[in-house]
Amino acid sequence: MQAVIAIPELHREEFFERLLPGVQLPDKVAADLLRPVAGIPLLTRVLATAVRAGTDRVLLIWPSSIQSPLRERVLQSKLLHGLEVVNVVAQEPFGPTVSAHWKTLRDYLAPEFLWLPWNWVTTKQCLIALEPVSMSMADWSRPALIARNMVGRCSSGAAEGVAVISPETAARAERLLVARSGKVLDGIHTSFNRRLCRPLVRWLSHTRTTPNQVSIAGLFIAILSCCAFTQGVYCWYVLGALLFFVAGLFDEMDGMLARIKFADSPFGTWLEGFIDGISYLLLFGGAAVGLFRQHGKSELFVGVALLIGSVISIAVTAFMRKHGAPADRPNEYLGNLYQLLEKDSSNKISFISRQMQAFVRRGVMIHYVVIFTLLHGLCVFFYLAAIGSHLTWILALYFNRRFFRKPYRSIQVPNPTKGLETL
């Protein structure tokens, strides 16, 4: 898909004098184009969002006042790897409502293209959801999917987002990005967790902290939780449950931060899955030791069975992830599995498993750990987890054979090419 972005004349003195008084003109232009929004320069973020929405070619219309070094500075980001860019320098300000300006671009335009305001901050889901509209009926102040040959059709809905023109609007855009940094599959528990994480995620987006570092920090908190559970006393159980809840919030934050900063990667997905598995083992191991101290050897035997079931489940899930999602996008595995379970709902095992999936995710589990612990039901939770761990790997093998017999293959992204034309 092609995207078209027109950069307006940003050197009007009255505009910049109000925005950045006392600053030299070239610095003012760069400050506006490269204004950080959640740690990413503004225009780079707009382009990167388009890439995530499926754009592989972009037509960038620059005013003649913006020099080549600044253009290259915008386009050098690694977030734009694989994007084919054609730079067009317009000798007069480009107006999307002026038909003559579009005629000069007819050789560059695809039959259908995505129009993006240069400072519009939104999410890829909003861009993907756009429906084609005709050029005569488009709202050029917002993103629009333009079909050149379509006549008389206007948009049924506008893409959510914020036009960033000041520090205040940049802050609004950041709040929007954080609020929309979840997943479509999020349930009520996970949505609640993400609301708790929003302030810290927004602060972290302005630091050099990486999602992987957040994941590792959550692992350290899970280790402290394990140590608390091993004490075998109610007050320590409660502390361990609360620490495990906090570790679960860190698990939410790493994904939110990765999506906001475009820092998601196959390695990060595997690291997050590995840390999730280790966190469960720490929880069950600490609880086994604590309940052994409190009740005796019977709890230790259940703990061994639970740990064995958990290790097998982690190994089988890792194996399934290779077969259930592309190697370069392992984060898609869970969504693929849910879709297949829903399509296969006529099968009773698939139907029941789909309904139960929501209760075994870590974002939900951290709530149950706290509730059972506060109600003196840690032992009950322990026994249920022992049964569930073995059911998990048995069902995982069943669905692997039913759905994922052949692994996905990665799709190679072509190298970017960039050109410069003058109109």
Side-chain angles (χ1 to χ4, degrees), residues 1 3 5 33-58 60 72-85 114 116-129 143 159-162 164 170-184 186 194 197-198 200-215 250-272 325-332 335 410-416 418:
M1 181 173 65
I5 300 176
L33 290 174
L34 304 177
R35 181 190 304 278
V37 178
I40 305 294
L42 175 57
L43 185 54
T44 302
R45 173 173 290 281
V46 173
L47 288 166
T49 304
V51 171
R52 296 306 191 277
T55 295
D56 55 4
R57 303 182 306 278
V58 64
L60 265 176
E72 292 300 321
R73 184 177 173 187
V74 170
L75 299 173
Q76 68 184 359
S77 172
K78 64 180 181 180
L79 298 177
L80 308 181
H81 175 71
L83 179 65
E84 179 184 345
V85 181
L114 176 66
L116 268 178
W118 69 277
N119 59 348
W120 191 265
V121 174
T122 186
T123 64
K124 71 172 186 179
Q125 290 82 6
C126 291
L127 298 182
I128 292 172
E160 181 184 33
V162 177
V164 176
R172 282 176 48 203
E174 289 175 351
R175 289 192 292 270
L176 172 70
L177 291 173
V178 173
R180 300 294 181 268
S181 61
K183 299 179 181 178
V184 178
D186 287 348
R194 294 192 191 280
C197 298
R198 286 180 187 178
L200 186 54
V201 169
R202 187 181 170 198
W203 176 76
L204 288 173
S205 70
H206 290 278
T207 70
R208 294 186 178 181
T209 304
T210 66
N212 292 343
Q213 290 171 340
V214 175
S215 300
F250 273 71
D251 181 50
E252 304 284 4
M253 285 192 293
D254 60 7
M256 295 172 69
L257 188 63
R259 283 183 283 276
I260 290 171
K261 299 184 73 170
F262 304 109
D264 46 331
S265 65
F267 174 77
T269 300
W270 285 106
L271 177 65
E272 181 185 16
D328 54 346
R329 299 190 301 276
N331 56 300
E332 296 179 1
S410 300
I411 300 176
Q412 297 297 325
V413 179
N415 291 327
K418 301 180 181 179

Practice problem: Carefully, step by step, assess Val58 and Glu84 under the rule side chain to side chain contact (heavy atoms under 4.5 Å, CB included). | Solution: CA-CA 6 Å; Val58 64; Glu84 179 184 345; over 6 Å; no
Quiz item: How many angstroms lie between CD1 in Ile260 and OG in Ser181, if you round to the nearest 0.5 Å?
Solution: 4.0 Å
Quiz prompt | Residues in side chain to side chain contact (heavy atoms under 4.5 Å, CB included) contact with Ala171, at least two apart in sequence or another chain | solution = Arg175, Arg202
Practice problem: Look at the side chain of Glu252 and the backbone N and O of Arg194, then say whether any donor-acceptor pair between them is shorter than 3.5 Å. | Solution: no
Quiz item: What pairs with Asp251 under side-chain hydrogen bond (donor to acceptor under 3.5 Å, both in side chains), at least two apart in sequence or on another chain?
Solution: none
Exercise. Rounded to the nearest 0.5 Å, what's the gap from CG on Leu60 to CG on Leu43? Could you check?
Key: 6.5 Å
Quiz item: Within the distance-only criterion (no hydrogens, no angle test), does the side chain of Thr269 pair as donor or acceptor with the backbone N or O of Ser265 below 3.5 angstrom?
Solution: yes
Self-check item: Straight-line distance of Leu257 CG to Phe250 CZ, nearest 0.5 Å
Solution: 11.5 Å
Exercise. Of all the heavy-atom pairs spanning Arg35 and Ala170, show the shortest one and how long it is.
Key: CD-CB, 3.9 Å
Quiz item: Who are the side chain to side chain contact (heavy atoms under 4.5 Å, CB included) partners of Pro41, not counting sequence neighbours?
Solution: Leu34, Thr44
Quiz item: Once you round to the nearest 0.5 Å, how far does CE of Met253 lie from CG of Leu204?
Solution: 6.5 Å
Exercise. Apply side chain to side chain contact (heavy atoms under 4.5 Å, CB included) to Gln213 and Arg208, showing your working.
Key: CA-CA 10 Å; Gln213 290 171 340; Arg208 294 186 178 181; over 6 Å; no
Quiz item: Quick one: side-chain hydrogen bond (donor to acceptor under 3.5 Å, both in side chains) partners of Thr122, sequence neighbours excluded?
Solution: none
Quiz item: Under the side chain to side chain contact (heavy atoms under 4.5 Å, CB included) criterion, do Val121 and Leu176 qualify, and how do the steps go?
Solution: CA-CA 9 Å; Val121 174; Leu176 172 70; 5.6 Å; no
Quiz item: Among all residues two or more places apart in sequence or in another chain, which pass the side chain to side chain contact (heavy atoms under 4.5 Å, CB included) test with Thr123?
Solution: Gln125, Cys126, Leu177, Arg180
Self-check item: Nearest-0.5 Å distance that lies between atom CG in Leu83 and atom CG in Leu75
Solution: 8.0 Å
Self-check item: N/O donor-acceptor pair under 3.5 Å between Asp264 side chain and Arg259 backbone
Solution: no
Taking only distance into account, with no hydrogens and no angle test, what donor-acceptor pairs under 3.5 Å do side-chain atoms of residues 46-57 form with protein atoms, sequence neighbours excluded?
from	atom 1	to	atom 2	distance (Å)
Thr49	OG1	Arg45	O	2.8
Thr55	OG1	Ala50	O	3.1
Asp56	OD1	Met1	N	3.1

Quiz prompt | Arg172, CZ: over 12 other non-hydrogen atoms inside 6.0 angstrom | solution = no
Quiz item: Within a strict 4.5 Å, meaning less than it, do heavy atoms of the Leu33 and Trp118 side chains meet?
Solution: yes
Quiz prompt | Euclidean distance, Asp254 CG relative to Glu272 CD, rounded to 0.5 Å | solution = 4.0 Å
Quiz prompt | Distance-minimising heavy-atom pair for Cys197 and Met256 | solution = CB-SD, 4.0 Å
Self-check item: Exercise: identify the closest heavy-atom pair between Pro117 and Pro143
Solution: CD-N, 3.6 Å
